[in-house]
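Have a look at the structure below before the remarks.
Note that the structure is predicted; figures quoted are calculated from it, not measured.
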Amino acid sequence: MERYYHQYKCLLEYFVTHLEYVQTESKTIPGYKKYIEPILGEFITTGVGYKNQSIQTQISDWSEYGEHQVCINITCSFGSYMTNQCYLNWQGTWFNTRPEWDKSKQRIVRLYLSRQAKATAKSELSFDLSELGLFDNLPPNDNLKKFFDLFESLIINEEKHNNMLPYTNLLKDNKNLILTGAPGTGKTYLAKLIAKELGATEENQQCMMVQFHPSYDYTDFVEGLRPIQKEGDINIGFQLKPGSFKSFCAKALENFLDSKKSSYDISVDALFREAYDDMIDKVRIGELCEIPLKSSGTSMEIAEVSDNNNLILKAKGSETGKTYTVSYPRLKKLSAVYKSMEALDSISNIDKAVREAIKGCNSSAYWATLYYLYKNFMQNKKVEEFIVEQKNYVFIIDEINRGEISRIFGELFFSIDPGYRGVAGTVQTQYQNLIDEGDVYENGFYVPENVYIVGTMNDIDRSVDSMDFAMRRRFAWKEIKANDRIEMLDSLGDFKEIAIKRMQNLNYAIENTEGLNSSYHVGPAYFKKAMLYKDNPDNMWADLWEYHIKGVLYEYVRGMDDVDTKMADFKKAYNLE
């Protein structure tokens, strides 16, 4: 890397010197003696290096960076430089170094990095020439290294993006994708990379991964009754809880619906949620104990706040113990109809008006709670408009074939079909009659348009037959071969090339063994384990064979004829004999 830093410094110095010399024809500019004078008789003023014009030869000593090349592109009108049209261009991309001139257009004062084709490209990073240490005859400084490192990371990220395009496009086009292939090809890691390309990560809660297994069922995936015991209660009850996939879809649906709303409505919704949470906090710390009933001049006591943040009210002084629940979803629904205290004041028949807005509730409790919320928690809140961007949500199912698919998905076979994303794919789940009013899925479950599903599986796994045709046709299938994931071995450094040779030689022997084929290849993930034994390089490949690869191959050929002969042939291939 130090060599590249030094090379890059020379390249930048040449670039600056070339431009200033063409502009001024001065022999006193920094860098003239080093860069211009030696080639003065054959000096080429302008040209386009990425088209292999001869101007590229003038930077040949500093243009190669591993697999990457930097091209010089100089276009100008003498005496009045078109400076933004001169740049160092990286590897056929639009990642460029561009100059910034002083007012006299005699000297370059700054260099900046950009990644746009247009001449007015914005700066990603810029430094004064003195900050980069150009022409100081010293080793490359930290600023110059930072400058180069950004250039390199832009190219690496661009390459990764381009490598991922076939996978991301396949997922976007089909909504559902299964990555299948030989073991050790990094399918699970690849699934996460695909999600990341779509902007979905576990950190931003737009990506979730579960692993199927024989005990995984509908209750875990969609919804089911779970035992619950309240504090101080000796009895155990049951409560409907959403499974991993349904919870994930609900979060994605919230984003999808918000992205369709006006910015004003989104802001009002956010303020209402904030106000409600503030009110609940007051209740929890004991500062709020009752809600006034305006119509009768009495109050309703707040008995408790439930586990899901619902208010439990009862008539003040009542000895019957009867309680009334005020849920946030229903209260929010009522607020959409009556948007202010004034609107509530205008109601002549509270019972009728509230029942028309929300069914199956105590009208006085809801009317009083909403009025109190408006008066005490919404009055001074300011609406600030903002736009919610629609995001992608990726649900990863690792080892998808190891679960009993029909038992896990149930009626969701229909709703996950790519052609039935959205409301068109609504299904009634097994516990639909227990869904609370106001729940986002109160009218049935469906998979939002912004949800994508990625499954992974080894197609030689003995449980592969559990994937029936109804499930198979709902997914696009992409085989991941060992050679498709060679970049996984980059972490081996100097051991990468020998690892590739061993892997490819072994896989050639595997696919030419009777009864086996390319689906039985051994992927790069196994060879990455060689680094566990790097401290003993003389034995590292023998240890990798003994502890990681030998056992897998034995499982492949167990029960076949001449097992010992086949294993010996595999070992010879692995050892490049």
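Salt bridge annotation for Glu2-Lys145: present, with a cationic side-chain nitrogen under 4.0 angstrom from a carboxylate oxygen. Using a 4.0 Å cut-off between a side-chain N of Lys or Arg and a carboxylate O of Asp or Glu, Glu555 and Arg558 qualify as a salt bridge. The existence of a salt bridge linking Arg407 and Glu404 is confirmed by a sub-4.0 Å separation between a basic side-chain nitrogen and an acidic carboxylate oxygen.
Nearest heavy atom pair, residue Thr17 against residue Tyr32, reads CG2-N, 3.8 Å. The two residues Ile416 and Arg474 come nearest to each other via the heavy atoms CG1-CD, 4.1 Å. Residues Gly133 and Asn141 come closest through the heavy atom pair N-ND2, 3.4 Å. Residues Ile236 and Pro227 approach most closely at CG2-CB, 4.0 Å, considering heavy atoms. Across all non-hydrogen atoms, the minimal contact from Leu506 to Phe570 is CD1-O, 3.6 Å. A pairwise comparison of heavy atoms in Asn458 and Asn401 identifies O-ND2, 4.2 Å as the closest pair.
For Phe414, the ring-ring contact (aromatic ring centres under 6.0 Å, His included) test picks out Tyr420, with sequence neighbours left out. Shown here are the side chain to side chain contact (heavy atoms under 4.5 Å, CB included) partners of Ser123, two or more places apart in sequence or in another chain: Tyr112, Ser126. For His548, the ring-ring contact (aromatic ring centres under 6.0 Å, His included) test picks out Tyr533, with sequence neighbours left out.
Between the CD1 atom in Ile397 and the CD1 atom in Ile405 there is a gap of 7.0 Å [rounded to 0.5 Å]. With rounding to the nearest 0.5 angstrom, the CZ atom of Phe127 is 11.0 Å from the CG atom of Leu134. Once rounded to the nearest 0.5 Å, the distance linking CG of Asp543 with CD1 of Ile549 reads 11.5 Å. In this structure, the separation between CG on Asn169 and CG on Leu177 is 11.5 Å, given to the nearest 0.5 Å. Here NZ of Lys187 is found 12.0 Å from CD1 of Ile194. Values are rounded to the nearest 0.5 Å. Atoms CG and CD1, on Leu19 and Ile108 in that order, are 4.5 Å from each other to the nearest 0.5 Å.
Applying the side chain to side chain donor-acceptor pair (under 3.5 Å) definition to pairs two or more places apart or across chains, those involving residues 512-525 are Glu511-His521, Asn517-Ser519.
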Derivation and outcome, side chain to side chain contact (heavy atoms under 4.5 Å, CB included), residues Lys251 and Met208: CA-CA 11 Å; Lys251 189 178 299 181; Met208 182 178 184; over 6 Å; no
Steps toward side chain to side chain contact (heavy atoms under 4.5 Å, CB included) verdict (Val440, Glu254): CA-CA 8 Å; Val440 69; Glu254 182 181 0; over 6 Å; no
Stepwise side chain to side chain contact (heavy atoms under 4.5 Å, CB included) check, Ile55 with Gln58: CA-CA 6 Å; Ile55 191 173; Gln58 295 179 185; 4.3 Å; yes
Worked verdict on Phe212 versus Phe221 for ring-ring contact (aromatic ring centres under 6.0 Å, His included): CA-CA 10 Å; Phe212 280 4; Phe221 192 67; 5.7 Å; yes
Derivation and outcome, side chain to side chain contact (heavy atoms under 4.5 Å, CB included), residues Val451 and Phe256: CA-CA 10 Å; Val451 168; Phe256 182 81; over 6 Å; no
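At a threshold of 4.5 Å between non-hydrogen side-chain atoms, the residues Val70 and Tyr8 do not count as touching. Between Phe147 and Leu111, some side-chain heavy-atom pair lies under the 4.5 Å cut-off. Side-chain atoms of Ile400 and Phe475, non-hydrogen and from C-beta on, do get closer than 4.5 Å to each other. The side-chain heavy atoms of Leu190 and Met164, taken from C-beta on, include a pair separated by under 4.5 Å.
Not less than 6.0 angstrom separates the ring centroid of Phe95 from the ring centroid of Phe151.
In this structure a side-chain-to-backbone donor-acceptor pair under 3.5 Å is present from Asp417 to Gly419. With hydrogens and angles ignored, the 3.5 Å screen pairs a side-chain donor or acceptor of Tyr65 with a backbone N or O of Trp62. Between the side chain of Gln69 and the main chain of Ser63, no donor-acceptor pair closer than 3.5 Å is present. A donor-acceptor pair is defined here as one N or O able to donate and one able to accept, closer than 3.5 Å; no such pair exists between the side chain of Asn392 and the backbone of Tyr452. Looking at Gln206, its side chain does come within 3.5 Å of a backbone N or O of Gly199 through a donor-acceptor pair. Looking at Tyr167, its side chain never comes within 3.5 Å of a backbone N or O of Leu179 through a donor-acceptor pair. Not one N or O on the side chain of Ser259 forms a donor-acceptor pair closer than 3.5 Å with the backbone of Glu389. Listed for the Lys192 side chain is no donor-acceptor partner under 3.5 Å among the backbone atoms of Thr201. With hydrogens and angles ignored, the 3.5 Å screen pairs a side-chain donor or acceptor of Asn507 with a backbone N or O of Val522. Distance alone, capped at 3.5 Å, is enough to place a donor-acceptor pair between the Tyr218 side chain and the Gln430 backbone.
Side-chain N/O atoms of Arg421 and Asn176 include a donor and acceptor closer than 3.5 Å.
Between Phe148 and Tyr5, the angle of the ring planes goes over 60°, which puts this pair in the perpendicular group of the 30/60° scheme.
Cation-pi check for Arg98 over Tyr87 is met; the charged atom lies under 6.0 angstrom from the ring centroid and within 45 degrees of its normal.
Heavy atoms of other residues, nucleotides or ligands lying less than 6.0 angstrom from CD of Glu577 number more than 12. Counting non-hydrogen atoms of other residues, nucleotides and ligands closer than 6.0 Å to NZ of Lys196 gives a total of 12 or fewer. Around the CZ atom of Arg110, the shell of radius 6.0 Å holds more than 12 heavy atoms that belong to other residues, nucleotides or ligands. Annotation for His213: atom NE2 counts as buried by contact number, over 12 foreign heavy atoms lying within 6.0 Å.
Paired with Leu11 under the rule side-chain contact (heavy atoms from CB on, under 4.5 Å), one option of Asp61, Val16, Ile72, Ile59 passes, and it is Ile59.
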Distance-only check: which donor-acceptor pairs under 3.5 Å involve side-chain atoms of residues 484-505, not counting sequence neighbours?
from, atom 1, to, atom 2, distance (Å)
Asp484, OD2, Lys481, N, 2.9
Arg485, NE, Thr185, O, 3.2
Arg485, NH1, Glu487, OE2, 2.4
Asp490, OD1, Lys496, NZ, 2.5
Ser491, OG, Lys528, NZ, 3.1
Arg502, NH1, Tyr574, O, 3.0
Arg502, NH1, Asn575, OD1, 3.3
Gln504, NE2, Asn483, OD1, 3.2
Asn505, ND2, Ala573, O, 2.9

Please table the atom pairs, donor to acceptor, closer than 3.5 Å between any side-chain atom in residues 240-249 and protein atoms at least two apart or in another chain.
from, atom 1, to, atom 2, distance (Å)
Ser244, OG, Tyr216, OH, 3.0
Ser244, OG, Asp220, O, 3.4
Lys246, NZ, Glu223, OE1, 2.6
Ser247, OG, Gly243, O, 3.0

